[in-house]
Amino acid sequence: MDNRLAPLLSRGESLTRAEYRVLAHLTDHPLLVGNITVRDLATATFVSTATIMRLCQKLGFSGYSEFIWHCKQLLADTPHIPEQVTGNGNTLPALFQQFMANYQQTFQWVTEEKRRQFVTLLREKESFFLYGAGFSYLFAEYLTKKLQVLGKTAFISGPGDSRNIFLSNAARYQVFIAVSRSGETEQVLDKARIAHNVGMTVIAFTRASANTLANLADLHFALYDEAVHFAAEAAGVTSFESNLVLLMDLLLLEATG
């Protein structure tokens with residue numbers, strides 16, 4: 001977020017979720033200010049132009065032009081990132097290059113066709129059911145929150161929830177997204193099979209090695225995992241989780257950018 005636009009967010013107490021999403025989109029992408037029409041902004045944030053006009057009025061502006069002019073004035077102030085001078089130069093951790101190599105390996109598997117399929121689903125579908133177990137639940141929850149910010153209906157569930165919760169709600173959702181490092185967690189596989197049987201599109205995020213969940217999925221994203229065995233201790237630090245967050249954000253950015 002560009003801190004120079006932060007004063008706008010302080011006025012957002014009375015905004016709806018859709019209106020706040022528009023405002024947050026501009027603060028996250030300050031280069032768009034003055035370079036995006038109201039229609040393009042509405043398309044990028046999945047709202048109507050009327051929503052944007054209501055946002056402008058709630059912030060105290062007569063319309064979109066005055067709102068953008070005010071944003072330009074805020075951005076004309078001193079840049080929000082000060083120059084940092086350190087005595088250590090740009091020394092990077094020894095594992096940095098290894099992690100970078102792992103990222104590059106993962107994104108070689110994320111083909112243009114797979115990204116296109118995800119973008120299409122995100123733009124055309126409105127309801128998403130997400131599931132993860134153990135550590136994977138945290139990342140399924142992260143993606144759930146991101147989808148909710150985009151105005152989608154997104155529900156998160158895990159092994160702590162009754163199987164009946166999924167059975168009674170599955171028909172209400174269009175897309176099932178499963179996050180499982182191993183791709184072999186039985187609770188996840190059970191829900192994926194049900195989702196497939198009721199006609200939901202199944203998306204899976206797993207490690208790249210062959211696994212059952214990948215075979216069940218309509219769309220599978222394989223991530224590089226340097227752990228030797230799929231049952232590696234959760235406490236072990238690898239690039240898998242950071243790969244996962246980067247991949248999720250990349251897919252969302254392509255779908256909304």
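Side chains included, hydrogens not; waters and symmetry mates left out as well; all remaining heavy atoms used. From a predicted model like this one, the values you see are computed outputs, not experimental measurements.
Under a 4.0 Å N-O distance rule, the pair R116/E113 qualifies as a salt bridge. A salt bridge between E241 and R181 is present, with a side-chain N of the basic residue lying under 4.0 Å from a carboxylate O of the acidic one. Between E184 and R207 there is no salt bridge, since none of the side-chain N atoms of the basic residue sits less than 4.0 Å from a carboxylate O of the acidic one.
Defined by atom type and a distance below 3.5 Å, a donor-acceptor pair is present between the side-chain atoms of S48 and T51. Under 3.5 Å, the side chains of D40 and T43 contain no donor-acceptor pair of N or O atoms. S157 and D161 share a side-chain donor-acceptor pair at under 3.5 Å. E66 and S62 share a donor-acceptor pair across their side chains, judged by distance under 3.5 Å alone.
Note on ring orientation: taking the six-membered ring where Trp is involved, the planes of F221 and F118 are perpendicular (angle over 60°, cut-offs 30° and 60°).
We find the CG-CZ distance between L189 and R193 to be 5.0 Å, quoted to the nearest 0.5 Å. For the atom pair CG of L246 and OG1 of T106, the computed distance is 9.0 Å after rounding to the nearest 0.5 Å. Between the CG atom of L75 and the CD atom of Q73 there is a distance of 9.5 Å, given to the nearest 0.5 Å.
The stretch residues 97-117 participates, sequence neighbours left out, in no ring-ring contact (aromatic ring centres under 6.0 Å, His included) pair at all.
What you find for A133 and P159 is that their closest heavy atoms are CB-CG, 3.4 Å. Looking at every heavy atom in both residues, A170 comes nearest to V198 through CB-CG2, 4.2 Å. The two residues R54 and E19 come nearest to each other via the heavy atoms CB-OE2, 3.7 Å.
Evaluation of the ring pair (Phe, Tyr, Trp, His ring centres under 6.0 Å) rule for Y142 yields no partner, not counting sequence neighbours. Residues satisfying the ring pair (Phe, Tyr, Trp, His ring centres under 6.0 Å) criterion with F176, sequence neighbours excluded, are F166.
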